[in-house]
Undergrad: 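Okay, handing you the structure first.
Counting starts at 1 for both ligands and their atoms, in listed order.
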Amino acid sequence: MENIKDFNSYNKEYRKSIKSPEQFWQEKASHFLWRKKWDNVLSWDFNKPEVKWFEGGQLNITENCLDRHLEKRGNQTAIKWIANNPEEQNRCLSYSELYDEVCRFSNVLKSNGAKKGDRICLYMPMVPELAIAVLACARIGAIHSVVFAGFSAQSLSDRINDANCTILITADGAFRGDKITPLKDISDEAMDTSPTIQKCIVLKRTNSDINIKSGRDVWWNEEIEKVHKNCTAEVMDSEDPLFILYTSGSTGKPKGIVHSTAGYMIYTEFSFKNVFQYNEGDIYWCTADIGWITGHSYIVYGPLLAGATTIMFEGVPTYPDAGRFWKIVEENKVNIFYTAPTAIRSLEANGMEFVTPYDLSSLKVLGTVGEPINEDAWHWYDKEIGKGNCPIVDTWWQTETGGIMISNLSGVTPSKPSFATFPLPGIQACLVDENGIELEGNSVEGRLCVKFPWPSMARTIYGDHNRFRETYFSVFKNKYFTGDGCLRDENGMYRITGRVDDVLIVSGHNLGTAEIESAMDEHKNVCEAAIVAFPHPIKGNGVYAYVICHNSPDNKEELRKEINDLVSKIVGPIGKADKIQFVSSLPKTRSGKIMRRILRKIASGDTEDLGDTSTLLDPFVIEEIKCGAL
Ligand code: PRX
């Protein structure tokens, strides 16, 4: 399947994808390995909501990521792994080695009782075994649920329990910069409150001292020796769930987003090749963690489906120093580099002395994802990293969308700083006003929706289809609502302006205000907390907490620390508040709803024009809050 090569072809393809979506996607599906061809390309009803792509088709996604490539590129590197510690040897796994490892580990899963349809939780460091475990689950038809290794025991346990996972795969520990995260200790604590886990498979990574509970815990390296090396892939229906991935919602409970098999496969490959304009032989590096959707779609599935060499990095951008990314680019002659605006801003802030020593001439394409990129950071990335020669793709998408939805195609369609630009072929993006009326034409601003299905869209929230409908398909009739505000400029280019719901994007991570608020509420001296975002120079958004205490604290700093320790424990360190302001009450409407709009303004330092405050129950609280603003 040829990539789209110029703006004209993009326009043609886009028009075709709208006029004949079924024919369009059928053409994108035919080069894959199918055990049985589909009967029907698409059936859908956004009211239910129910969306089915390639019904009647049967396949296994790992045969498309691995088996399909063996003949042509068995010896080509599939995954190149770079360790956290620069002294440690890198590891290369060719397509045939990766195939062998996946087959073996599939047999380990089976010998530990896993069956098609079971849910398996992965809580692991960024090592090749994480990708192997993901693919092994898919090979035997088990549904993987990867939990980011920065989450706390409670978050892990909640996610295991929500999906009734029967197996947990983890490691003794994870290296991140100069720290070790004790993954097995955290897993032990999580398993204390997760009774569905029957087996815990433990990978040795940090050689930390850990507890092994006999009968439940087994070592990866011992298990792998006991199994044979062939594993026939399970035959899956197109619509069988491939994985669950949790994302924050506007209530405290995270949502287990469920993705299906065939549609996800087709869309991640298509978008990977076209957005990054991937060419045979390119070295591709996405710096995300597999614990997030970006890692699922654009470290593992998309690149492997396309037969690419995908780099996997265990560490962090600033260890051992802020030149680490650029050193990796130089040493590995990276051609396509995909990262988050937060990382770009933080590396920019560290200064050019960490960039100049490195030869970045291999780079052809730069990408960003996860949050809006401000113009300054865009220009720095363009000038200092791309040396003015690399198109930057600003890719807008979500856990729920499975793949990139709005983005320029590198060097093919025009770019514009801080604009995600145009929707990909097949994506019928639209803007609506607060009443759901579609805003036609250009130079308009509203809420971003999608009015027609695309293959990799989420199918449900695990165990709660009603919430799926309410969150995404009921706000505006017959449309998928993204939760984002967006404008379309005079040329039809889209710019995402940020969330319009109770989700915060902090350092590119999705956090629910309710999740952090309820964690803070657990503190015995916290009566109520309200969380809003405020502009942060590195993280994009910071977390600002307004907290009402039962008793006025003697030592405010100490209480702030206790509150944040609690958030760290319950939600994970990424949820910690940057600023905590103690207040005696919160601005609420007569119906008791916190007026976050006002709190957001005060948190961002804009206390002049607070807009309409007439619906406030007690307008005087605002004066107090303004005076104490941090
Ligand atoms: O607000 C948008 C922001 O991230 C949200 C989705 O977060 P998550 O599901 O964690 O997935 C992140 C990785 C795909 C979106 O609703 N977002 C993502 N990409 C961009 C963005 N905002 C602006 N520009 C982007 N390129």
Side-chain angles (χ1 to χ4, degrees), residues 146-148 150-151 243-250 254-259 264 267-268 271-272 275-276 286-299 301-302 338-345 366-375 377-378 381 392-408 415-424 427 429 447-450 456-458 461 471-472 475 480-487 493-513 515 533 539-541 572 574-575:
V146 184
V147 175
F148 174 60
F151 277 117
F243 65 87
I244 303 171
L245 185 60
Y246 284 86
T247 187
S248 298
S250 46
K255 300 172 287 196
I257 300 297
V258 179
H259 281 286
Y264 178 81
Y267 195 79
T268 50
S271 51
F272 171 75
V275 169
F276 300 108
C286 166
T287 70
D289 191 289
I290 294 177
W292 311 114
I293 190 68
T294 309
H296 281 62
S297 302
Y298 300 111
I299 295 179
Y301 287 112
Y338 189 31
T339 195
T342 299
I344 298 168
R345 286 190 294 262
L366 301 175
T368 80
V369 58
E371 54 187 309
I373 178 160
N374 49 309
E375 288 200 34
W378 194 99
Y381 199 29
I392 297 176
V393 290
D394 179 350
T395 64
W396 174 84
W397 57 297
Q398 308 178 296
T399 305
E400 296 85 341
T401 68
I404 298 167
M405 301 287 280
I406 305 183
S407 171
N408 46 321
S415 66
K416 180 172 175 182
S418 82
F419 278 69
T421 73
F422 297 112
L424 264 63
I427 305 306
R447 276 135 210 256
L448 179 61
C449 294
V450 188
S456 66
M457 66 189 293
I461 291 175
T471 311
Y472 304 108
V475 184
Y480 165 81
F481 175 46
T482 64
D484 280 322
C486 182
L487 63 82
M493 286 184 172
Y494 288 80
R495 174 189 196 154
I496 312 301
T497 51
R499 301 290 306 191
V500 293
D501 57 8
D502 293 341
V503 173
L504 310 182
I505 309 286
V506 175
S507 295
H509 300 312
N510 233 333
L511 294 169
T513 48
E515 219 175 330
K539 302 202 286 187
N541 287 311
I574 52 176

Undergrad: Can you tell me which residue and heavy atom of the protein come closest to atom 7 (O) of ligand 1, and the distance to 0.1 Å?
TA: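 That would be Asn510 ND2, 3.2 Å.
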
Undergrad: Does His509 reach the main-chain N or O of Ile505 with its side chain, forming a donor-acceptor pair under 3.5 Å?
TA: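 No, His509 side chain to Ile505 backbone: no donor-acceptor pair under 3.5 Å.
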
Undergrad: Kindly confirm or rule out an N or O of Gly508 lying under 3.5 angstrom from an N or O of ligand 1.
TA: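 Not met; the criterion fails.
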
Undergrad: Is a donor from one side chain sitting under 3.5 angstrom from an acceptor on the other, for Tyr264 and Ser297?
TA: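 Yes, because at least one side-chain N or O of Tyr264 sits under 3.5 Å from a partner of the opposite role on Ser297.
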
Undergrad: What part of Glu371 sits under 4.0 Å from ligand 1 if we count only heavy atoms: the side chain, the backbone, both or neither?
TA: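 Backbone only.
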
Undergrad: How far is atom 1 (O) of ligand 1 from its nearest protein heavy atom, and which residue and atom is that?
TA: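 Protein heavy atom with the smallest distance to atom 1 (O) of ligand 1: Asp484 OD1, 2.7 Å.
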
Undergrad: Within the structure, does Thr368 bring an N/O atom to less than 3.5 angstrom of an N/O atom in ligand 1?
TA: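 No; the residue has no nitrogen or oxygen that sits under 3.5 Å from a nitrogen or oxygen of the ligand.
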
Undergrad: Measure the distance from atom 4 (O) of ligand 1 to every protein heavy atom, then report the residue, atom name and distance (to 0.1 Å) of the closest one.
TA: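 The closest one turns out to be Gly370 O, 3.2 Å.
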
Undergrad: Tell me the contacting part of Ile496 for ligand 1: side chain, backbone, both, or neither, using a 4.0 Å heavy-atom threshold, strictly below.
TA: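 For Ile496, the contact with ligand 1 is made by the side chain alone.
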
Undergrad: Using modelled atom types and a 3.5 Å cut-off, is there a donor and acceptor pairing between side-chain atoms of Ser456 and backbone atoms of Thr401?
TA: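 Judged by distance alone, yes, a pair lies under 3.5 Å.
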
Undergrad: Of the backbone atoms (N, CA, C, O) and the side-chain heavy atoms from C-beta on, which set of His509 has a member under 4.0 Å from an atom of ligand 1: side chain, backbone, both, or neither?
TA: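 Looking at His509 and ligand 1, no heavy atom falls under 4.0 Å.
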
Undergrad: Relative to ligand 1, is Ile505 under 4.0 angstrom through side chain, backbone, both or neither, heavy atoms considered?
TA: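 Contact part for Ile505 vs ligand 1: side chain (C-beta onward).
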
Undergrad: Quick check on contacts: which atoms of ligand 1 are under 4.0 angstrom from a heavy atom of Thr395?
TA: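 So the atoms of ligand 1 that pass are 19 (N), 20 (C), 25 (C), 26 (N).
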
Undergrad: For atom 23 (C) of ligand 1, which protein heavy atom lies nearest, and how many Å away is it?
TA: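 The answer is Pro372 N, 3.1 Å.
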
Undergrad: So between Thr294, Thr399, Asp394, whose heavy atom ends up nearest atom 26 (N) of ligand 1?
TA: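 It is Asp394 that holds the nearest heavy atom.
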
Undergrad: Strictly by modelled atom types, are Thr482 and Gln398 linked by a side-chain donor-acceptor pair under 3.5 Å?
TA: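 Thr482 vs Gln398: no donor-acceptor pair found between side chains.
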
Undergrad: List every atom of ligand 1 that sits less than 4.0 Å from any heavy atom of Val369, numbering the atoms from 1 in the order shown and giving each element.
TA: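 Listed by number with element, the hits are 13 (C), 14 (C).
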
Undergrad: Ignoring hydrogens and geometry beyond distance, is a side-chain donor-acceptor pair present between Asp484 and Trp396 at under 3.5 Å?
TA: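 There is such a pair between these side chains.
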
Undergrad: Evaluate Thr294 against Tyr338 for side chain to side chain donor-acceptor pair (under 3.5 Å), listing each step before the verdict.
TA: CA-CA 10 Å; Thr294 309; Tyr338 189 31; 5.5 Å; no

Undergrad: Aromatic contact between Tyr267 and Trp397, with the criterion being ring centroids under 6.0 Å apart: yes or no?
TA: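 Aromatic pair excluded; centres sit 6.0 Å or further apart.
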
Undergrad: How are the rings of His259 and Phe243 set relative to one another: parallel (under 30°), tilted (30 to 60°) or perpendicular (over 60°)?
TA: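 Plane angle between 30° and 60°, so tilted.
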
Undergrad: With a 4.0 Å cut-off on heavy atoms, is Gly483 in contact with ligand 1?
TA: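 Flag not set, Gly483 not near ligand 1.
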
Undergrad: Which residue supplies the protein heavy atom nearest to atom 6 (C) of ligand 1, what is that atom called, and how far is it?
TA: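 The closest one turns out to be Trp397 O, 3.7 Å.
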
Undergrad: Measure up the Phe272 and Phe276 rings against each other and bin them: parallel (under 30°), tilted (30 to 60°), perpendicular (over 60°).
TA: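 If you compare the ring of Phe272 with that of Phe276, the planes turn out tilted.
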
Undergrad: Could you tell me if Arg499 and Asn510 have a donor-acceptor pair between their side chains, going purely by distance under 3.5 Å?
TA: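 Asn510 vs Arg499: no donor-acceptor pair found between side chains.
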
